[in-house]
Amino acid sequence: MALDKNQIAQRIAQELEHNMYVNLGIGIPTLVANYIPESIDIEFQSENGVLGMGPFPFEGEEDPDMINAGKQTITTMPGAVLFDSATSFAMIRGQHVQLTVLGAMEVAENGDIANWKIPGKMVKGMGGAMDLVASAENIIVAMMHTNRAGESKILKKCTLPITGVNCVKKIVTNLAVLEVTANGFKLLERAPRVSVEEIKNATAADLIIEGEISEMQF
Amino acid sequence: MALDKNQIAQRIAQELEHNMYVNLGIGIPTLVANYIPESIDIEFQSENGVLGMGPFPFEGEEDPDMINAGKQTITTMPGAVLFDSATSFAMIRGQHVQLTVLGAMEVAENGDIANWKIPGKMVKGMGGAMDLVASAENIIVAMMHTNRAGESKILKKCTLPITGVNCVKKIVTNLAVLEVTANGFKLLERAPRVSVEEIKNATAADLIIEGEISEMQF
Amino acid sequence: MINKVVKSIEEAIAGVRSDMIFMVGGFGLSGIPENCIAELSKKDIFSLTCISNNAGVDDFGLGLLLQRKQIKKMISSYVGENAEFERQMLSGELEVDLIPQGSLAERCRAGGSGIPAFFTPAGYGTEVAEGKEVREFNGKPHILESALTADFAFVKACKGDTAGNLIYKGTARNFNPLMAMAGKITVAEVEELVPAGELDPNQIHTPGIFVQRIIQGKKYEKRIEQRTVRKNQ
Amino acid sequence: MINKVVKSIEEAIAGVRSDMIFMVGGFGLSGIPENCIAELSKKDIFSLTCISNNAGVDDFGLGLLLQRKQIKKMISSYVGENAEFERQMLSGELEVDLIPQGSLAERCRAGGSGIPAFFTPAGYGTEVAEGKEVREFNGKPHILESALTADFAFVKACKGDTAGNLIYKGTARNFNPLMAMAGKITVAEVEELVPAGELDPNQIHTPGIFVQRIIQGKKYEKRIEQRTVRKNQ
């Protein structure tokens, strides 16, 4: 059974380690924050200028001066800190933020990612994505395996204008967990009751499949 | 009569204009702050991280956390602000500080200045001087006309390692006020009862002398 | 103390002319100089180049200037959530230069700091790198980005003093301190203006030397773009 | 909240080994990490490369490490007022790389910010520019300067919290925030350590993400180098 968006987030939360600084992109990545085990300390950075982001505010407590990079109203945790955009990207570019989780429209087998532009159709801009993917040591993509037309978003080569080169390390989709290796995509895990065959059929790129592929554990 | 150090500072103070941000170097330049007319507002920047520097503290009120670039204990004025060294040099390099007054060992007729090193003898380092002279729109040198050996510090060409090129705009010495022009040093003013002849004799570089040279006014 | 206070919003924006380059602080609608933008939208000033991370929404922020077609070119990192913007861009009426957000921030800071250019890894291998110098450092390719400056920078702070010193609140800080550095004339509007000496010199975010004019804004709407809440327990 | 507190000064400097590069905050003797320096001076660690604006005085600050000849190379902007330093430098025992102060500050910031190099006008036409790329921007020559990083950065703040957030006081701030960014391991010593949540998030100078270890210093001498006063009236 394919995962829903919350389950994708839940699976990604397993990748987080104690004492990590993490930047979560808009969409599915934002949901990751809901699944952090209490046993580990994580601080969330948002590139518009906050470290130590907390949950959404209670109704009536929204502050227009306190938003995340998705422009959503947020709160801060004890120990939080606020700063300007140059300092924020110093944290990102300088690799002080250790993990970036973001969405994508396409990922290629060399780790290229496209997520900012559909020529002639959609040009919202890259926001902080280009800085994030060019910098973070570890980049995990959270996305659906296929687009609305049912086409694979996991490709031999990106067809859309790319956001960054050779940067994605791992992908978690509704169907599978994939690792980007020097030889291409390696299938690590499959969603509960989703077969390797189904994943292969939904994937335009080749998959390296070694031995038994276990189901994701939650 | 040649000026003393305080009089050099007093003459330089006349160059300051209302609403100017000024950086004063160590030595004679520091004394300039004592001669600002009450009618104009000036803010002093010190490159170790303070804008709005005030006078020395009263005895017993010295604060080790409040010093100027000469490492002297200071106070701050209302409206002062403290910042890090990168921000400080952003002010300097970005030409937000409008006037720099500093000492020199030599000045050449093309505006080159040497004030940081005597090879084999004295190597204290350039501190902020190289950033200051490479950046400020207006640079005034405050110094004695000759060195302790009686040799001119105003030269056709610097003999010591230089601090910056083509940067000095004006020089105020114990004998004269000189302007650095495209054609060399121009004599603007002479110290009270110091003759043009005395100035010429004390100067290794050529001087452009046009018409009557008036005495400095205090 | 050098006094930066201007008496009216008209005086605050005086000197802005058609064809100029101007910067506007803020991220989304958070921390935007509402009063300066509103005043600009009343003037017959056109063909402006605007440097701002975002482009407002249809009826607020920079959207007001877009509605009147006062802006010829936008230099931004993210311009979604604005239908009129999208229409002008896709029709070719509006020129748009999209820049990675971190490069935009750093380019403004560089502009204010006398650093004409710097290398960054952001955008290497993408459209953004086209025509730009590429150089490897420690085996990693970087591109050369140049400084940004502007004829005017409009920024918004929570508190300011008469010397032009500014303190921001929350994530409304964002691009404001960087653009304040990069404006030939920087105009700061604040929610609260106090006499010089009232702010703790240790706690000022933008030193007054970067600000040429300061004014207390008449009123602030401070619109929220995405109101997200959790249920009261 | 990620806890950065270490229990002892030994633990704070643990891992520093001979031949490493380390940065030390402070300007003159103002804002130097006194406790870390004193602890380093007790260890048999030698052949260090030290990046610091100044070199202390004979019997205090980095002078302590120079006395024991623990430092092989100094990267500084101003090294006057230190007889032992001068002796070692002139005799060739100590290697010295002098850098314009603004370039030193910016190179540390660049190192912490993932910016490998930038152009600056400072030092053009001087010894400092030797071997460096020169390029004109707006008709003015600039030189290319590279980022500085260090195995360890030792910084000193007035206040800190358990998450590593730092607040500096007065001109003791200077190079500390920049070096905090540039250390692979940044050790912050503070006069007062408080629980995370006690500092105003708007008023923090160094975000805790840049700090790996924090400790409250045992005592601070805070020596004054040039005591200048005016007469009481």
Side-chain angles (χ1 to χ4, degrees), chain B residues 26 30 46-50 53 55-76 82-93 112 114 116-117 119-135 161-167, chain D residues 27-31 53-55 76-81 86 89-90 96 98-106 108-110 120-128 140-142 158 168-178 205-206 220-233:
Chain B
I26 300 170
T30 302
S46 195
E47 65 266 28
N48 60 317
V50 55
M53 222 188 333
F56 295 146
F58 290 116
E59 238 178 291
E61 293 179 4
E62 315 90 284
D63 179 354
D65 293 332
M66 194 62 74
I67 63 171
N68 66 16
K71 299 167 191 167
Q72 299 171 311
T73 44
I74 55 159
T75 60
T76 56
L82 298 152
F83 36 85
D84 66 47
S85 302
T87 304
S88 183
F89 284 92
M91 294 175 188
I92 290 166
R93 221 188 289 102
D112 286 4
W116 76 283
K117 187 178 183 179
K121 261 188 170 167
M122 187 282 286
V123 195
K124 290 185 187 297
M126 68 292 281
M130 282 195 185
D131 308 271
L132 282 159
V133 301
S135 306
I162 61 172
T163 310
V165 296
N166 308 315
C167 52
Chain D
F27 186 100
L29 301 179
S30 188
N53 188 59
N54 310 94
S76 305
S77 92
Y78 189 84
V79 292
E81 278 84 68
E86 205 162 355
M89 178 173 59
L90 292 175
V96 179
L98 291 168
I99 294 179
Q101 196 172 115
S103 298
L104 180 61
E106 193 66 17
C108 293
R109 180 189 176 275
T120 173
Y124 167 75
T126 75
E127 280 183 23
V128 164
K140 186 171 171 172
H142 292 71
C158 174
Y168 307 93
K169 181 177 151 260
T171 55
R173 192 181 323 181
N174 56 64
F175 285 84
N176 283 300
L178 315 164
H205 297 129
T206 291
Y220 286 96
E221 180 179 341
K222 299 177 74 165
R223 201 185 286 190
I224 290 175
E225 217 165 333
Q226 305 278 343
R227 192 176 299 271
T228 45
V229 295
R230 57 186 152 147
K231 293 245 164 62
N232 281 310
Q233 283 161 323

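Lettering follows sequence order; numbering is per chain, from 1.
Looking at heavy atoms from C-beta onward, B:S85 lies out of side-chain contact with D:N53 at the 4.5 angstrom threshold.
Residues passing the side-chain hydrogen bond (donor to acceptor under 3.5 Å, both in side chains) test with D:K169, sequence neighbours excluded: B:D63, B:D65.
B:D131 places a side-chain N or O within 3.5 Å of a backbone atom of D:G102 that can act as its donor or acceptor partner. Judged by distance alone, with hydrogens and angles left aside, the side-chain atoms of B:N48 form no donor-acceptor pair with the main-chain N or O of D:T171 at under 3.5 Å. Looking only at distances, a side-chain donor or acceptor of D:T228 sits under 3.5 Å from a matching main-chain atom of B:T73.
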Please test D:Y78 against B:M126 for side-chain contact (heavy atoms from CB on, under 4.5 Å), starting from the C-alpha separation and ending with a verdict. CA-CA 6 Å; D:Y78 189 84; B:M126 68 292 281; over 6 Å; no
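For a residue to count as touching a neighbouring chain, one of its non-hydrogen atoms must lie under 4.5 Å from one of that chain's; by this rule B:F89 touches chain D with the side chain only. Interface residue B:I67: backbone and side-chain heavy atoms are both found under 4.5 Å from chain D. Contacts of B:V123 with chain D are made by both backbone and side-chain atoms, with heavy-atom separations under 4.5 Å.
Of the residues listed (D:R223, D:R230, D:K222, D:R227), the one engaging B:E62 in a salt bridge (Lys or Arg N to Asp or Glu O under 4.0 Å) is D:R227, and it is the only one. For the pairing with B:M130, the side chain to side chain contact (heavy atoms under 4.5 Å, CB included) check across D:P121, D:P100, D:S103 returns one residue only, D:P100.
When all heavy atoms are compared, the tightest approach of D:Q226 to B:K71 is CB-O, 3.2 Å.
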